[in-house]
Amino acid sequence: MLNREQSPPTPAPSAPMRFSSPQNAIPTAAAAKSGDFYPPGPKGLSVLAHCLSRQRNPLADLYKAASRYGDIVHMQLGRRHDYLINHPDYIKAVLCAPQNEMCRSAPPVLKRMLGSGLLTSQGDYHRRHKRMLAPTLHKEMVRQWSSVISTYCERLQQAWRHGIEVDIEREMLRLTLGIVLKTLVSAELEQGTDQMAKAANTLIEMTDFRKLPVIDDLLDKIAVGRIRRFKEAKDQFDTILYRMIHQRRTDTSQINDLLCVLLWVRDEDGCTALTDEEVRDEALSMLIAGHETTAHALTWTWYLLSQHPEVEQKLHSELDAVISGGLPRTGDLESLSYTRMVFSEAMRLYPPLWIIARRNPKAWSLGNYTIPPGSFIYMSQYLMHRDARFFCDPDRFDPERWRPEMAARRPKYSYFPFGGGPRQCIGEGFAWTVGLLVLSAIAQRWRLVLSSVQRIGLEPLLTLRPKYGMRMILEKRKIQML
Ligand code: HEM
């Protein structure tokens, strides 16, 4: 049988296939050499329109810009240059460039919250920490936490009853927060009573502050409303975490959590450890980076499954055959190939992180253009993952495209939910393990049916959220023992 998706040859960058705009002509070699012009993009008043519409609907705006102007879109506002990059080869070049050529600049509110963790640090400091921390989320480490993941899934399902309606986004957020807190610092998230969980929750809510960037500069001076709650939560979280760090440093009894590993890692010299402050920054960064991303990947997976009964049916058959009603273990994951394809496809259509930005400290060449220093370079997973040049019928949910032979034909950076290069997600292995274990533990026992009154919309904040929540009705399913 022929696969629905044909193997497309990798189109050359700037070839107008989906984005057929006459303005996207490749510049002449002479002009490109001189570097005296910019790629096509909205000009004059339309820059203002672009900025305004970005506030309203950034995804539609990005889509319009890419369709109209092609693989490299340029926008200028005053002295600021923005570029939107829409081709896997260019994305690879930007993401894999050394950090002294391409760096990530974190929003100030995130820096205030996270200090110098992996998410917000730069240069040599970041390189050193990444090298030290990479083994902490190694496959074998993650494997040890599979029982925590399964236990939390069991707990969640104990409260579920056939026929009731739940907001699955909230359920997934609560579940992944519980899992991350437990694996990170052995904190329990029970009935919302744990102080650390409460403080963490408030901090996570505050990441929406980027909606109000002006507040950043006033943050330290004002202490009212949301800002006061943010400061209190940060102080409370820090107090508890530092207490835990001190306890772990003196008490050598084995606790199997990530905090212990952070205290134990050493630099290349074999003796330099992380300071208390560095451990705090890294732990909080992992909490913030790992919780909402995984929860939203799962939420959109449930939504897509509810809309595609044929996929759901196939998933159930695989789960019944492999797990047969038991608790899924990491050892099962290799046999759950269709489950993995479903999760991959859900992250293609709804990538939890929908855009990545970089800045170039020095002038930088991309294609035939020279990008001036200090520009903002954007790459959108949402856009790239729905590009018809690489994904046939791109809006269709079709896990079959992830059959290894089909996936191998696509250029690597046509799909990059976890980024790439020196800033690649350090928690990718952990996210896959949590995602697949949660998906299989729940899907083998329940069907989740979208509520008939649920509106579906996208809210691209720090992660890609469902704008109106995701209310679903629980239907208990009978496991078919094979
Ligand atoms: C489905 C879940 C997840 C997705 C889609 C995701 C996605 C990403 C992406 C795209 C980046 C790179 C951002 C950039 O290049 O600017 C990133 C970085 C990062 N992620 Fe994840 N992530 C997920 C889960 C996790 C988990 C579970 C953890 C930790 C437990 C984690 C920790 C981090 C950290 C610390 C960074 C910064 C890495 C660096 O800059 O060197 N992520 N993530």
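Every heavy atom of this structure was used, including side-chain atoms; hydrogens, water molecules and symmetry mates were not. Counting convention: from 1, in listed order, for ligands and their atoms alike.
Among the atoms of Ser285, none of the N or O lies under 3.5 angstrom from an N or O of ligand 1. For a threshold of 3.5 Å applied to N or O pairs, the pair formed by Lys130 and ligand 1 contains at least one separation below that value. Looking at Arg423 next to ligand 1, an N or O pair under 3.5 Å apart turns up.
Distances below 4.0 Å separate heavy atoms of Leu119 from the following atoms of ligand 1: 36 (C), 37 (C). For ligand 1, the atoms sitting less than 4.0 Å from at least one non-hydrogen atom of Pro352 are 5 (C), numbered in the order shown with element in parentheses. Atom numbering of ligand 1 starts at 1 in the shown order; those under 4.0 Å from a heavy atom of Gln424 are 38 (C). Interface of Phe430 with ligand 1, defined as ligand atoms under 4.0 Å from a residue heavy atom, comprises 27 (C), 30 (C). The ligand atoms of ligand 1 that sit less than 4.0 angstrom from a heavy atom of Arg358 are 14 (C), 15 (O), 16 (O). Heavy-atom proximity to His126, at under 4.0 Å, picks out these atoms of ligand 1: 39 (C), 40 (O), 41 (O).
Interatomic distance, OG1 of Thr433 versus CD of Glu428, reported as 10.0 Å (0.5 Å rounding).
Distance from atom 7 (C) of ligand 1 to its nearest protein heavy atom, with residue and atom name: Pro417 O, 3.4 Å. The nearest protein atom to atom 13 (C) of ligand 1, hydrogens excluded, is given as Arg104 NH1, 3.3 Å; this is a heavy-atom distance.
Residues Gln381 and Ile355 come closest through the heavy atom pair OE1-N, 3.1 Å.
If you look at atom 21 (Fe) of ligand 1, the protein N, O or S atoms less than 2.8 Å from it are Cys425 SG.
Heavy-atom distances between His296 and ligand 1 stay at or above 4.0 Å for every pair. Within the structure, the closest approach of Gln381 to ligand 1 falls below 4.0 Å when heavy atoms are considered.
Between the side chain of Glu318 and the backbone N or O of Thr339 there is at least one donor-acceptor pair closer than 3.5 Å. Of the possible donor and acceptor atoms, none in the side chain of Arg359 sits under 3.5 Å from a partner among the backbone N and O of Cys103.
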Could you give the side-chain donor-acceptor pairs of residues 331-338 under 3.5 Å, partners two or more places apart or in another chain?
unit_1	atom_1	unit_2	atom_2	d
Asp332	OD2	Arg329	N	2.8

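A centroid separation of 6.0 Å or more is found between the aromatic rings of Trp364 and Tyr83. Note: Phe390 and His87 meet the aromatic proximity criterion, with ring centroids under 6.0 Å apart.
Environment of CH2 in Trp264: sparse, with no more than 12 heavy atoms of neighbouring residues, nucleotides or ligands closer than 6.0 Å.
If you look at Thr294 next to ligand 1, the close heavy atoms, those under 4.0 Å, come from the backbone and the side chain alike.
Taking the six-membered ring where tryptophan is involved, the planes of Tyr303 and Tyr350 are perpendicular, since the angle between them exceeds 60° and thus also 30°.
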